[in-house]
Amino acid sequence: KVQHSSAIKKKKGRRYCCGYPISIFFIVVNEFCERFSYYGMRAVLVLYFRYFLLWDDDLATSIYHAFVALCYLTPILGAIIADSWLGKFKTIIYLSIVYAIGQVTMAISTIHDITDANRDGTPDNFTFHIALSMLGLILIALGTGGIKPCVAAFGGDQFQEHQSRQLNTFFSVFYLCINAGSLLSTLITPLKSVASTLMVFIAGSGMYVKTDPEGNIMWSVCKCIGFAIKNRFRHRSSSYPKREHWMDWANEKYDKLLIAQIKMVLKVLFLYIPLPMFWTLFDQKGSRWTLQATTMSGDFVSILISTVNPILILTLVPIMDRLIFPLIQKCGLNFSPLKRMTVGMLFAAMAFVSAALVQIEIDKTLPNFPSSSESQLKVVNTYSTTLNVTISPNEHLLIESFGSSADYVTFDHQDITVSLNTNPVITKAFSLIKGGRQTLIIPSDPTVMRDFVLRHGEQWCEFSRKFGFGASYTFLIPSTVFSDDCESITEVEDMKPNSVHMALQIPQYFLITTGEVMFSVTGLQFSYSQAPKNMKSVLQAGWLCTNAVGNIIVLIVAELGKLPKQWAEYLLFASLLVAVSIIFSIMAYFYTYIDPAEIEAQVRKEQGLEPEEMEKETLEMEEKDEDQKNEQGVKQTKI
Ligand SMILES: NCC(=O)N[C@@H](CCC(N)=O)C(=O)O
């Protein structure tokens with residue numbers, strides 16, 4: 001009773017603007033700042049692994065997904081801390097501090113000067129940078145993941161039961177803010193944003209509806225489920241009458257209300273089983289698709305590509321919410337949340353088919369590297385005349401002065417003899433590296449070798465070219481280079497620049513983002529609406545865990561599956577998602593939507609708790625009146 005009246009006081013302190021609690025503003029801005037920081041760092045993470053720590057594509061992809069998986073596993077920890085100990089408000093504050101420390105650690109790990117004693121631009125002690133960045137990433141995962149289930153549920157807590165329309169709009173706006181933060185982070189440095197996150201959140205402190213932690217709800221749930229299973233096993237003989245639900249075997253020891261709440265949560269968690277597959281595909285945007293972009297051409301488009309997902313979210317969420325979904329409803333079709341999620345999955349599968357098609361185009365333009373038993377050789381001629389080069393036994397090349405062979409010549413043996421039609425004829429034997437690419441440079445005078453030094457002091461010349469993405473060159477620098485202002489430097493193209501334009505990735509981004517709007521925004525709302533009041537954070541954590549499992553699947557498939565062709569891997573993922581979406585649609589068909597508050601009220605009534613319920617209803621009626629007055633006040637002010 002005492003607790004209840006304190007809740008009354010807190011609820012009566014709510015302030016509204018246009019029918020929405022003002023506290024929501026602080027929560028939404030807090031989420032904006034937090035995502036700004038998170039995505040700003042995540043956008044360059046794979047590139048940091050690849051080009052700073054010099055990891056290969058597979059290791060960079062694996063560690064990236066392990067980090068994302070950790071970010072979406074830690075919500076369980078956040079939900080436990082919030083529900084059983086600190087409450088959502090304090091959990092968000094404390095874990096934000098951990099998060100900020102993680103970001104600073106990560107930032108320090110990227111300063112190569114710390115270990116670059118010989119000042120050659122690369123770190124000398126990679127172990128130090130790796131250890132520091134891993135520590136930073138773990139702290140960030142703890143921070144971001146820990147506060148994530150609390151923020152969404154805390155936002156939902158600010159609304160009352162009769163405000164379901166506003167609640168749905170809140171989740172859409174919440175999602176918009178996530179993506180506005182993500183969009184801006186790609187354009188502006190994200191370092192200061194964790195501090196802003198904290199300040200904005202604390203600024204709203206006096207206006208929040210803060211529900212007290214209700215004890216370790218996860219622990220109670222586990223104990224209750226454990227007891228039900230044990231009790232069922234003890235009464236396995238057919239002489240005992242069956243019970244409607246296996247959780248009813250906990251009736252002997254546990255509160256009916258808790259059992260009813262667990263049944264609701266389990267029903268939703270069961271439905272979540274196929275969902276990780278969506279995230280498996282979705283989160284490859286940040287790894288495989290980013291690496292795919294590095295094999296494509298386009299300058300400014302690279303910025304567009306990294307911002308296309310949040311830009312599309314910002315446009316598609318309002319279009320879907322205000323136009324497409326109401327239009328579908330007007331046509332008499334029941335586009336229920338679970339149907340939307342299924343369609344979202346199919347869109348993600350189509351995005352991967354599109355990625356596979358782009359990959360096939362890229363593969364056509366990629367250089368043909370030698371297999372492990374082959375060797376490749378390019379010949380560059382810096383001699384004063386055109387030369388006839390014969391490579392034993394039957395390769396004949398005509399190479400102009402200061403020119404090169406058109407491409408690498410592939411040999412299935414390593415020992416070769418090169419002959420030049422000079423006077424006298426020069427013949428030399430070489431042993432090539434297996435599986436490697438080499439360049440043979442014929443000096444300007446084959447009998448005399450000269451060294452050329454380009455100085456930057458007294459004598460210098462500027463050589464500037466626009467180099468294509470992904471290309472590789474050899475430069476031939478003659479001794480006269482300073483007298484003719486670098487004009488005599490000749491460029492030999494070893495590897496052609498990427499020629500498939502990054503704009504081709506836009507369709508796959510469009511498809512996956514359309515899928516995301518249908519799947520993720522709906523899933524977020526669904527998880528909140530189908531959870532009992534005291535388990536909102538728990539179910540948010542469960543929802544986020546589907547993302548963690550999705551990223552673990554990428555790790556497994558990328559590591560074990562190792563398909564020789566990238567496009568085949570894309571198609572494999574697309575087919576897996578189609579199969580999973582069929583299973584999900586069958587499961588969704590048998591799911592009946594519930595109103596947790598109604599079920600809880602019914603159980604309370606059965607337990608003889610009506611008086612308290614009635615008191616609550618009276619309170620809510622009073623508040624509803626107060627809200628209406630508030631809303632009217634706003635309207636009158638507008639008039
Ligand atoms: N466009 C990416 C995005 O909005 N991601 C969300 C949702 C992730 C999730 N598992 O729900 C985010 O919160 O970062």
Side-chain angles (χ1 to χ4, degrees), residues 27-28 30-43 45 65 67-76 78-79 99 140-141 143-156 171-186 190 193 197 272 275-287 289-290 305-317 320 341 344-345 347-348 351 508-528 537 539-554:
I27 294 171
V28 156
N30 166 76
E31 181 67 7
F32 167 85
C33 297
E34 189 275 323
R35 290 287 96 181
F36 177 82
S37 158
Y38 174 75
Y39 280 111
M41 187 274 302
R42 216 178 91 162
L45 195 58
H65 285 291
F67 166 68
V68 178
L70 195 62
C71 288
Y72 288 104
L73 273 179
T74 45
I76 300 177
Y99 189 173
I140 291 171
T144 184
I147 64 176
K148 200 125 180 54
C150 305
V151 181
F154 194 54
F171 281 117
S172 294
V173 174
F174 185 76
Y175 214 83
L176 285 182
C177 282
I178 289 174
N179 287 278
S182 154
L183 171 63
L184 227 72
S185 71
T186 321
S193 69
T197 305
Y272 282 173
L275 302 191
M277 205 59 216
F278 174 87
W279 299 114
T280 300
L281 275 73
F282 181 81
D283 275 327
Q284 290 190 52
K285 271 189 307 94
S287 56
W289 287 14
T290 304
I305 287 296
S306 50
T307 53
V308 70
N309 172 261
I311 290 176
L312 281 172
I313 288 281
L314 293 177
T315 41
L316 286 176
V317 169
M320 294 279 184
M341 289 169 77
M345 286 170 146
F347 268 100
Q508 71 205 52
Y509 273 96
F510 177 79
L511 288 167
I512 203 125
T513 311
T514 310
E516 181 190 357
V517 174
M518 301 219 174
F519 181 89
S520 186
V521 184
T522 315
L524 191 67
Q525 293 165 355
F526 178 80
S527 306
Y528 189 85
S537 312
L539 216 52
Q540 283 297 321
W543 163 250
L544 293 169
C545 271
T546 61
N547 201 324
V549 179
N551 278 277
I552 293 168
I553 296 174
V554 187

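Whatever order the structure lists ligands and atoms in, that order sets their numbers, starting from 1. Only a predicted model underlies this, so the values are computations on that prediction, with no experimental measurement involved.
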- Query: At a non-hydrogen distance cut-off of under 4.0 Å, which region of Thr546 contacts ligand 1 (side chain, backbone, both, or neither)?
  - Reply: neither
- Going by the order shown, which atoms of ligand 1 are within less than 4.0 Å of some heavy atom of Tyr39? 2 (C), 3 (C), 5 (N), 6 (C), 12 (C), 14 (O)
- Taking atom 8 (C) of ligand 1 as the reference point, the nearest protein heavy atom with its distance: Tyr72 OH, 3.6 Å
- Tell me which protein heavy atom sits closest to atom 7 (C) of ligand 1, plus the residue, atom name and distance to 0.1 Å. Tyr175 OH, 3.4 Å
- Note on the structure: In terms of its nearest heavy atom to atom 9 (C) of ligand 1, the top option of Trp279, Phe278, Phe174 is Trp279
- Where ligand 1 meets Asn547 - atom numbers and elements under 4.0 angstrom, heavy-atom basis: 8 (C), 9 (C), 10 (N)
- Item | Per-atom contacts, ligand 1 versus Ser520 - under 4.0 Å to a heavy atom | 7 (C), 11 (O)
- Message: Counting non-hydrogen protein atoms only, what is the nearest one to atom 2 (C) of ligand 1? Give residue, atom name and distance.
- Response: Glu516 OE2, 2.9 Å
- Message: Counting C-beta onward and ignoring hydrogens, is there a side-chain heavy-atom pair between His65 and Gln284 closer than 4.5 Å?
- Response: yes
- Query: Where on Asn179 is there a heavy atom closer than 4.0 Å to ligand 1, on the side chain, on the backbone, on both, or on neither?
  - Reply: side chain
- Message: Are the side chains of Pro276 and Asn547 in contact, using a 4.5 Å heavy-atom criterion?
- Response: no
- Query: How far is atom 11 (O) of ligand 1 from its nearest protein heavy atom, and which residue and atom is that?
  - Reply: Trp543 NE1, 3.6 Å
- If you count the atoms of ligand 1 from 1 in the order shown, which ones are under 4.0 Å from a heavy atom of Asn309? 1 (N), 2 (C)
- Note on the structure: Looking only at heavy atoms, the pair that brings Gly78 and Cys150 closest together is O-SG, 3.8 Å
- Message: Between Trp543 and Tyr528, is the ring centroid distance below 6.0 Å?
- Response: no
